[in-house]
Asks: 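Can you read through this structure? Questions will come right after.
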Number of protein chains: 2
Amino acid sequence: MQKDIDSKLNAKNIKPTAMRQLVLQVLTKQSTAISLPELENKFEKADKATLYRTLKTFEKNKLIHSIDDGTGSIKYALCKDSCECHPDDLHVHFLCTHCNQTYCLNDISVPNINLPSSFSLESVNMVVKGICSVCSK
Amino acid sequence: MQKDIDSKLNAKNIKPTAMRQLVLQVLTKQSTAISLPELENKFEKADKATLYRTLKTFEKNKLIHSIDDGTGSIKYALCKDSCECHPDDLHVHFLCTHCNQTYCLNDISVPNINLPSSFSLESVNMVVKGICSVCSK
DNA sequence: ATAATCTTTGCAACCCAGTTGCATGAACTT
DNA sequence: AAGTTCATGCAACTGGGTTGCAAAGATTAT
């Protein structure tokens, strides 16, 4: 368990400090993406700036990816092991307008778009809004 | 010209005040989407709150639609006359990472997504990032 | 082991887009 | 003309994100 955490960090060349272990633990437990303010609430006492920088480090090293779901706060979720965050790796995200949870639809990759000529593509953000399976019961 | 502005406002049941005429004029001239701070800069002296509420009114009455392109400020662009902002009306947006302009790709509608069972769809936000035709010259 | 260096953390302060309360002013109703 | 409704302008606040800086911890060289 703890070993898993450390090896994941090592695999992405991130020094396994106590803080980072804790944050990764939280992220691993999560089934949905989490925002910085939400992450803050998971800890009794934790510094926003430290958590912020931890997430940034994770993102830079492609351990997590960020999702702008339009709620006003950026959310983060673990990348798949193989993920390089290239356009080909991109999947669709789903925001439930009822519970405000954001899901990675890992199995649904972002469809191809034929851009007008002389527009070049770097990345795509695709967020579907609706009601999730939990809330639609 | 001025007649056009007023009839557009009337068509969407928006009382044509001086402020609203001015804002709609700016929006009409724009070929790309514009944010509240950007809109502010188009005027010598204008109140942020008033512009904010003007945009909200326009949006509520489906004269404009909002785009969250991930830059941190929401942008607004005119709707097509027939637009009802339903999922079927949705088009792809393009953010140029060089000039920071956001384009409505009106001709490119958002592709259909097959959501997992018991997920329901309300709307979709799809933003493609890359280099626009102006900047790629 | 000790000193020098680099990295991480914690606190505070700041930035900025968005938003709201409230009082004034304009337009419309009776 | 008085009363009502709606729009505007100012100020203040919120909240997420971000940065500066100094202390604490880890790493490397001496």
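Residue numbering restarts at 1 for every chain, and letters A, B, ... go by the order of the sequence lines.
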Asks: Could you state the atom-to-atom distance from CE of M19(A) to P of dC11(C) in whole Å?
Replies: 11 Å

Asks: Atom NZ of K60(B) and atom P of dT19(C): how far apart are they, to the nearest Å?
Replies: 14 Å

Asks: Can you tell me how far apart CG (L63(B)) and CG (L27(B)) are? Round to the nearest 0.5 Å.
Replies: 7.5 Å

Asks: Can you give one letter per nucleotide of nucleotides 13-23 of chain D, going 5' to 3': B for a protein heavy atom under 4.0 Å from the base, S for sugar-phosphate only, - for none?
Replies: ---SBBBBB--

Asks: For T97(A), enumerate each residue passing the side-chain hydrogen bond (donor to acceptor under 3.5 Å, both in side chains) test, keeping only those at least two apart in sequence or located in another chain.
Replies: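 Listed in chain order: E122(B).
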
Asks: Excluding sequence neighbours, so at least two apart, what forms side-chain hydrogen bond (donor to acceptor under 3.5 Å, both in side chains) with S66(B)?
Replies: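 Checked S66(B) against side-chain hydrogen bond (donor to acceptor under 3.5 Å, both in side chains); matches are E59(B).
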
Asks: What pairs with S136(A) under side-chain contact (heavy atoms from CB on, under 4.5 Å), at least two apart in sequence or on another chain?
Replies: I131(A), S118(B)

Asks: Looking at T102(B), is its backbone amide N or carbonyl O close enough to the side chain of D69(B) to form a donor-acceptor pair, meaning the two atoms are under 3.5 Å apart?
Replies: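 Here the side-chain-to-backbone pair does not exist.
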
Asks: Rounded to whole Å, please give me the gap between CG in L51(A) and C1' in dG10(C).
Replies: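 Rounded to the whole Å, the gap is 11 Å.
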
Asks: When all nucleic acid strands are considered with a 4.0 Å heavy-atom cut-off, which category describes T50(B): base, sugar-phosphate, or nothing?
Replies: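 The answer is base, as T50(B) lies within the cut-off (heavy atoms under 4.0 Å) of a base atom.
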
Asks: CZ of F43(B) versus P of dC10(D): gap in Å, rounded?
Replies: 15 Å

Asks: Check the distance between dA7(D)'s P and Q21(B)'s CD and give it to me in whole angstrom.
Replies: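 Distance check: Q21(B) CD to dA7(D) P gives 13 Å.
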
Asks: Going 5' to 3' along nucleotides 23-30 of chain C, which nucleotides have protein heavy atoms under 4.0 Å from the base (write B), which only from the sugar-phosphate (write S), and which from neither (write -)?
Replies: --------

Asks: Using whole Å, report how far CG of L9(B) lies from C1' of dA7(D).
Replies: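 In whole Å, dA7(D) C1' lies 14 Å from L9(B) CG.
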
Asks: Restricting to side-chain hydrogen bond (donor to acceptor under 3.5 Å, both in side chains), what partner residues turn up for S7(A), sequence neighbours left out?
Replies: none

Asks: What integer distance in Å separates K45(A):NZ from dT9(C):P?
Replies: 12 Å

Asks: Taking atom P of dT20(C) as reference, at what distance in whole Å does atom CG of D47(B) sit?
Replies: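 One finds 15 Å between P of dT20(C) and CG of D47(B), rounded.
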
Asks: Listed by chain and number, what are the ring-ring contact (aromatic ring centres under 6.0 Å, His included) partners of F119(A), not counting sequence neighbours?
Replies: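 Per chain and number, F119(A) pairs via ring-ring contact (aromatic ring centres under 6.0 Å, His included) with F94(B), Y103(B).
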
Asks: With a cut-off of less than 4.0 Å, is there a side-chain N or O of T17(A) near OP1 or OP2 of dT9(C)?
Replies: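 Yes, such a contact exists.
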
Asks: Using the side chain to side chain donor-acceptor pair (under 3.5 Å) rule, collect all pairs that involve residues 43-53 of chain A, keeping only residues at least two apart or in two chains.
Replies: D47(A)-T50(A)

Asks: Enumerate the residue pairs fulfilling salt bridge (charged side-chain N to carboxylate O under 4.0 Å, His left out) with a member in residues 14-38 of chain B, sequence neighbours excluded, ordered by first and then second residue.
Replies: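 Output for this query is empty, none listed.
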
